[in-house]
Each structure stands twice: as C-alpha cells, then as structure tokens.
Amino acid sequence: MALDKTYDPISVEKRWFPFWMQGGYFRPEKNPSGQPFSIVIPPPNITGLLHMGHALNNTLQDILCRYKRMDGYRVLWVPGTDHAGIATQNVVERQLQQQGIDRWQLGREKFVERVWTWRDESGRNIVNQLKALGVSCDWSRERFTMDAGLSRAVREVFVRLYNEGLIYRGRYLINWCPRCETALSDLEVEPHESDGQLYHLTYPRSDGKGSVTIATTRPETMLGDTAVAVHPEDERYRELVGQTLTLPVLGRQIPVIADTRVDKEFGTGALKVTPAHDFTDFEIGKEHGLPTISVLDEKARMTQEAGPYAGLDRYECRTKLVEDLQQSGALIRSEPYKIMLGRCYRCQTVVEPFLSTQWFVRIKPLAEVALAAVKDGRTQFFPTHWEKTYFAWMENIRDWCISRQLWWGHRIPAWYCGDCGEMMVSREDITVCTKCGSGKITQETDVLDTWFSSGLWPFSTMGWPDQTEDLKTFYPTSVLVTGFDIIFFWVARMMMLGLKFMGEVPFRHVYIHALVRDERGQKMSKTKGNVIDPLEVMEAYGTDALRFTLVALSAMGRDIRLSAERITGYRNFANKVWNAARFVLMNQVSGSKFQVPEKYEGLGLADRWILSRLHHTIREVRQALDDYRFNEVAALIYQFTWHEFCDWYLELSKIALESTDTGEQERTRAVLATVLDAVLRLLHPLMPFITEEIWHALHPDRTEDSIMVQPYPVFDLTLVDDEAEQRMGLLMDVIRAVRNIRSEMNLPPGQELTAIVIPKVETAETQLRSHEAYVRRLARLGEIRYQADGERPRGAALAVIEGAEIHLPLAGLVNLQEETKRLEREIGKVANDLAGVQRKLSDAKFVERAPEEVVEKERDRAAQLEEKRLSLEKSLARLRQIEA
RNA sequence: GGUCGCAUAGCUCAGUCGGUUAGAGCGCUUGCCUCACAUGCAAGAGGUCCGGUGUUCGAGUCACCGUGCGACCACCA
C-alpha cells in the first residue's frame, strides 16, 4: 500500500479502529502468556459528551496500555461508564423542564425509565467518542455502575458493612440541597465567597435587666434559636451565663450557656445557637441538651415553627424578618460582610444544614487501613506530593453520608415492616417481615451516593464477589490514571473499599495528571465559552495531533494550557513523519522487502551514527514511559525524528542513494527502513493511527498483522557508537559553520564556495576527507582544500570549530568589512566566555575542592577558547591589512 | 486560618544528581518553491532564571525570608 502524497488524518484514522477491534488486539487473551498489566478506566459520567479532560485522561492510559502490550504484557484495560446519580438525574430533570413537566408528575418508575433511555443514548455516544480517540480498552468487558453485576457487588458491600456495624442509620445534621432535595456528603458542597450582611440583633433578658446583642449572617435562623452561647472566660458575660433571654418575634425563653467554641473576638462575643441549622450549633446543642427546632423544610421554606413566617421561602423570610426586627428595634445595625456559602456541586444552589435521617459509613476504621497502605508504599502517587493531600484528608475524615433522596441510583437494600416497624438489610429483596411475618413491606426509598458504587470499580468490574479469573490475574491493577479533582471522591474511596473487600490495594500506582485549561489558564467551562471541543480538534487536525499535543504538554504536576497553535505544531509533526515515510518508501526497491543487516556489518558512518542516536532515544523514551514523564517521551521522539533522522540522516542518505555503489544503496535503504520502523513503534502509543497506516505501507506483505503487537524497540548497547557520534559531530560542525557564514554574509544559496580547512588535530583531516561528499553536499561546497597550519588565506571568512579552522575565500563575493564586523562580534563572544572560565580557574578554592574531572573540563575549555580567539584575531588582523 | 503548588526568552513551557556555553514549540528577523515535506529548508535575534539572604569551590537547581499568582482544606456566627 502506497502512501498518499498528502497526509489526510481523517481518512487515515477512520480505517484502523475497526481493524483493531476485529483482530481482537485489545483483548488480554491475545497474549495469554504475558505478565499481567491492568488499568480500570475512570468511568466517564453519562451526563454528556467527551471533553478535553477525558481526551487527556484516556490518551495517557492508552499510551501505557499500548506500550505495555507491545512490550509483551498481557494487558487488560477495563472500560465503562458511571451512572453519576445526582448529575444525571439533573440532566434528565432539565429535559423534562423544557417539556414543562417535573419528575413528580411523571412518578418515580416512569422517571427512572426516562433516565435509562438517556443512559442508552449518552453512554453510546461517549463510548463512540472514546473509540474515535483510539482508546484500546477491551470493549468486550465494558461495564456500567448500574448493570446487574455491579449492582450485586453494591448490595454485597452494603450488607457486609452493615452487618459489621460500619454502616448505620440515624438522625443527624447533614448538608442538604433544597433544589435537588437530597442529602449531600461534605465533599459535594463547594464553598463560595459571596456578599452578605452581618446583622446585629439584640435579645432582651427575661428578667428585664438589659439585653444581649448577637451577630448573625442568617437572621432567619433565629427563629430556631434555642440558646445564646458565650465563652466561659469572657468577663463581659460572666454573670449572664445561666440567665434566660426572650427570643424576639416568637417570645421563646432561651438560656445563656457557656461554651469554648465561641470566639470572644468575633462580633459581640455572643453566639445565637440554632442546633437544627448550623453544624457548630448542632454540636453545642447536643452537649448542652438543647432542643432542635427545624424552621426550614426540604425545599428551604419556613416551617410551622417559624410562626408568622411559615410558608415563606428562606430569602423572602429574611427580607421580611429583617424589616420587622428593624421596626421592633431588635435590629441594632447591619453591615456588608463577605460570607462563605456552601453550594451544591451539581446545581450550585446554596445548601442548608438540615436535620434528617440518613445512612452513614463509619469511616475511620476504613481510612486507617487506606492511610497505612500509602504510608508503607503499597500504593504510590505520581507526583508524590499528592500523597500529602491524601494523608491530610484521610487523617481528618468524617463519617460518609451515603444516602441520597434521589430516584436515579442504587436503591438502598433495606426494607421496613409496616406492621412491626422492623428494619431489614438484605442481599435479596424482602417480601415478608422476618420478625412478625407481615407482608406489609416497603423498601427504603433512598438511593446510594454515586461514589459508593464507583468506589468498588476496580474489583466490581472484574466480577466480584465471584472469585473470577480476571480478579485473580488483574487485581490489584497496575496503575490508576486520573485527575486530582477526584482524589477524595474516588481514589480515596477505592482505596478504602478495595482494601476492605479484596484485602489489597486496588492499584500500585496512582498517576495524577493535569487539568486542561484554555490558553489563558482559565478552567474550561461552558458558561465561559472557552471550551475547546476535542471532537472539533480531531476533525480539524487529526486525533493523532490532538493526542500528541496533550502528551507533549503533560509535564508532571502542572496544568495544561491548550492552544490551537500548539496543536498545529504537532499536526505538522505528523505531516513530517508522513513525508519522511514517503521518502523512505520511495527509495525502497519495489517488491523487495527491507532487510535489517543481521549484524549491522559494513555500515557507513551516517548509518552507525543514526543507529547510535536511535538507541540513545530508545533508552530514554523507555525510562520516561516507566516514570510517567509523558512530556519527555513526546519531546524525545519529536527531537530524534525531526532533527536527527529527517534533518540529517535523510539528507545524508540521498548521497548514498545516488551513488553507483549498489551495496551502499542497499545498505542505506535498509537502515532508512529500520530506523523508520523503530520510530513508528516508538511513536505508536502516542500516535496510533498514522503509525499503523505507515507501518502497513512499510510491510505490504503483512496486511493481517498490526503494529500494535510488534515489539516495542529495545535498547541495544552494541549499537551505541561514540566514535561515530564524535566523527559525525565534526562533519556537522563544519557544515553548520559554513552555512552560518553563508547566511551571515548573505551569500547566494546556490553559489558553490571553496573551503580551505586547516586541521588542528591530527584526525580531523582524515575524518573529513573520508566523508567529503557529505560536507560538500550539505554545505554546498565546490571544493575543499586542506592546508597545513601556517600561512592563512587572505581575504577569507573564518569559522573556528573544535578540531579545525574553516576558511572561506570571499574575494570578489562580499565586502570584507562585513567579515570584519562579524569577526569582531565573534571575538567579543569568545572573550566573554573565556573570561568566565578563567575567573573560575584562577580561584584556588575551585581548583582545590571541585572534582578533578570538573576542573579538567574547565581547563580544556579554556584552552579551546584561547585557541579560537587567537585564530579569530589573526584573521581579523589579516583583513585589516588588506583593507589598509 | 491551615496546607500544597507555581514564578525561566514576546507567548506557552522543559530543565533529572548542584557542574562547561540555560533548552524546545510557537511567534519574530533574514535568505531559500534544494526532485519526502512551504504543514517545509537554512541561518539568526531574543534571558536580571520573581526579589533577598544563606549553604557550597560552584545555585535556575538546595535552605530560609519576602513578593505575586493559583489550588485545596477549614464549624468564626
């Protein structure tokens, strides 16, 4: 198969995914004897479409999987999607809203059906987009957090935790979203600063002896006050403790109590205590045995307890109440005040602390084990500093509220008897009361936090609670690749639940990658309108270009700023690879298959050089992949391919290919093909499509085979050739020196020049002579003359390189004043460098204390610079003579 | 309030173990349609490595202080 003249990513990319799927290349069964390597995908929510974060996350995983597969591992990458309880429910609710109905009108059953329909569509879309990205999961193992198997795992975990007393049910103050009408965990509340008022209210003493002033940002909660608290050591209020106050408006008698949680410095030092609507107050209330009065309901409307304000929305109530308090004189003053408001992470509604009966996981025992597993290194974070974040959270963890008053999710496996009130938690559905035999049984209506099921993902997807082959082979997984935003939500929960139920960590490594931001460093969001859609990029530049860009920008511990220019740059790289391949293929003899020389015997200098450079690259690329330094992988391959293989070897190969020596031609063809083949394999995990396309063009007889299963290049020390690198270095220096002069002197590019070389080291002349053709071609020289040290040519431009002087006679070509200026500049630079080195060397302490080889290097360098300066100065003197 | 991260070329960023002359991409300047590629080739300009102090023969790199930015955590009403 020949390559088209122009690289068209779209047509290349659509071809290969079906090919890979049909060939079963993504399945671990393809390589049953390999060492296991496994990853579970962070299951995308079924709420919408793929965004740049997914593109990055999955590209990185795909790179690891493809690399390991090529390297002989038996790779399992488990795909799937997350039902994303509250998020998905909200999406479907919004759709209903557009049709003018709400979920209550539809009813629970019908609503859940609607969500399943949505899931079918959305899930399919997401999966298709992942496939378009080239994601090499084993799609035959695709899971969904609410499929039958995972639902069974959820029940099993719930029942076991309950039976062990690690799940309990009780009436506590929790975070409540009055729009979603559900409880939220602490993590699901996002604090945001907003403008508020600090109101100073005065509560009269019941005995008529004065009053106390308190400060609050939420005056409407005063209707639920059951005490006022002061600090026990606060002199101002010492005699007040134990007295009774009369709550304005409602006239309730409330005590003044002493509690150390009160900050003497804040406001007036007196705190109104509302146990039903504030977490601190709840604690204080519990300790002092205060009653809890809920004045807000589940929709954040005022309850009957709010007296005249019953039925009002919380903010309407605030406005009205403040007016009334002002009239009555209870409001002393109010001032603007910045307050932190907790908002629902899914709908941004201000959440309320709300007293209700919920289910909780007693988390400390689980957290301790999960903490230890990272401390002792059974699981390692990359970059390591995320471990601190993990530790801090685990050490201060609080019980996890797992019940949600939603309709979309795993229904909690608890049943209540309508007759005797018995509560039963069970793996199987319950129809008859186990205590009284009654058939009046109803199931708990609450569902589980969506993170409860995703916390089981690493083992539930492999068939747990059954002891499957997959579990035995692939658990613990090798690495988890995810963003830092879900370390607590997800990574921490998987650690705790994995250790609890599998007795071992869920993953050995956790690679935390960057957040993808826009080019100005802003978080991408629909409302800001700065979202770069991966699918649009893939259409415009190609999937390979997008993948390579994301990887190239993925420095550890740093956010990614994505810009169109960068993507263009890497699209150009793909094009470069394409054209290099076209050149290599063009020069293969038709019908004959390229042969790598068995022992690499009889190679030319350029061949030895490029193979040596290739193997340096192979070694470094592998090391970088093993260390998750993805950006370096990209940079190494880019640098080698473009600036060594294309810029130098391809150009040099043209000389050999034009030669009359058929052996040399043949050898060059083989090396070209060998290096290209290695580049393709190195690059394949990053750019899977273009490499597969070119690989097939290079191996026309292997149409059924795939680059996916070719070995990843292996470092071969015997091909590292320092001598070849040194010799090529000399040739490259000469070529660059001549090009530099030509360019600076503005000499016409087509004009052939004559160079006079004065070797400064013995080997230079032989080395240059033996590869003169290279130099003549790439530096466009007509003739190279060699001359012993002694009389210098007059009226010539000079370049001094390591090992030789290069003189280019310019008589009649340019104004020699140009060269004078150029030499003066050059001498300035050299003198500058030399001064620096000499300063160092003249420091006795440096010579004495620095390691021998460092000092030696400096001495060499000083000598070199000295010689260079001398040559340049002599040349300058000669020019001045001519001018004079 | 606590914790963590970041600050290097015009822009976006690399820089491993402290060691010669601090790199890349994009942008910019100059010259080239050289038969793989103008999505290209060649050459070049461009740096107070945020500021300060310290450790060291030697600091972009290590320590401390400061400044600026960002993120996360947190019950000051």
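Only heavy atoms go into these numbers, but all of them, side chains included; no hydrogens, no water, no symmetry mates. Here the structure is a predicted model, which means the values were calculated and not measured. Residue numbers begin at 1 in each chain, while the letters A, B, ... track the order of the sequences.
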Sugar-phosphate only, base, or nothing, as touched by [X] at under 4.0 Å among non-hydrogen atoms:
| X | result |
| --- | --- |
| A/T216 | sugar-phosphate |
| A/H643 | sugar-phosphate |
| A/N396 | nothing |
| A/D485 | nothing |
| A/R398 | sugar-phosphate |
| A/Y7 | nothing |
| A/F266 | base |
| A/A580 | base |
| A/I339 | nothing |
| A/Y638 | sugar-phosphate |
| A/R566 | base |
| A/A215 | base |
| A/E848 | nothing |
| A/K829 | sugar-phosphate |

Side-chain H-bond candidate by donor/acceptor type, [X] with [Y], under 3.5 Å:
| X | Y | answer |
| --- | --- | --- |
| A/D544 | A/Y570 | no |
| A/S185 | A/E188 | yes |
| A/T274 | A/D225 | yes |
| A/E190 | A/Y345 | no |
| A/S743 | A/N740 | no |

Nearest-neighbour nucleotide for the [X] side chain, [options] considered:
| X | options | value |
| --- | --- | --- |
| A/M586 | B/A36, B/A77, B/U39 | B/A36 |
| A/Y337 | B/A36, B/C4, B/A77 | B/A77 |
| A/V854 | B/G19, B/C73, B/A36 | B/G19 |
| A/R780 | B/A36, B/U34, B/U20 | B/U34 |
| A/R629 | B/U16, B/C4, B/C41 | B/U16 |
| A/A850 | B/G19, B/A77, B/G40 | B/G19 |
| A/K5 | B/C41, B/C37, B/G5 | B/C37 |
| A/R849 | B/A36, B/G44, B/U56 | B/U56 |
| A/E858 | B/U20, B/A77, B/G40 | B/U20 |

Under 4.0 Å between a side-chain N/O of A/R861 and OP1 or OP2 of B/U21, yes or no?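 Indeed, a polar side-chain atom of A/R861 lies that close.
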Please report the distance separating the [atom1] of [N] from the corresponding atom of [M], rounded so that it comes out in whole Å.
| N | M | atom1 | result |
| --- | --- | --- | --- |
| B/U20 | B/G31 | C1' | 33 Å |
| B/U8 | B/G1 | P | 27 Å |
| B/G60 | B/G19 | P | 10 Å |
| B/A9 | B/G51 | P | 11 Å |
| B/U56 | B/G47 | P | 33 Å |
| B/C6 | B/A74 | P | 23 Å |

Angle between ring planes, A/Y628 versus A/F630, binned at 30° and 60°: parallel, tilted or perpendicular?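 Rings of A/Y628 and A/F630: tilted, as their planes differ by 30° to 60°.
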Is the A/F354 ring parallel, tilted or perpendicular to the A/W176 ring (thresholds 30°, 60°)?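 Answer is tilted, since the angle falls between 30° and 60°.
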A/F489 and side chain to side chain contact (heavy atoms under 4.5 Å, CB included): which partner among A/I487, A/I486, A/V491?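 The single option meeting the side chain to side chain contact (heavy atoms under 4.5 Å, CB included) with A/F489 is A/I486.
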Classify the side chain of A/E651 and the base of B/A42 as holding, or not holding, a donor-acceptor pair under 3.5 Å.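 By the distance-only test, no, there is no pair.
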Got a donor-acceptor pair under 3.5 Å from the side chain of A/K388 to the base of B/C4?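 Counting by modelled atom types and ignoring angles, no donor-acceptor contact under 3.5 Å is found here.
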Separation of A/M745 atom CE from B/C32 atom C1', in whole Å?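 Result: 18 Å.
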Just how far, in rounded Å, is C1' of B/U30 from CD1 of A/I741?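 Checked: the CD1 to C1' distance equals 17 Å.
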Are the aromatic rings of A/F381 and A/W386 close, with centres under 6.0 Å apart?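 When the ring centroids of A/F381 and A/W386 are compared, they turn out to be at least 6.0 Å apart.
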Parsed dot-bracket for RNA chain B after applying the Watson-Crick and G-U rules with both distances under 3.5 Å and | for other-strand partners is (((((((..((((.....[...)))).(((((.......))))).....(((((..]....))))))))))))....
Taking atom CD of A/Q197 and atom OG1 of A/T216, what is their separation to the nearest 0.5 Å?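 With rounding to 0.5 Å, CD (A/Q197) is 12.0 Å from OG1 (A/T216).
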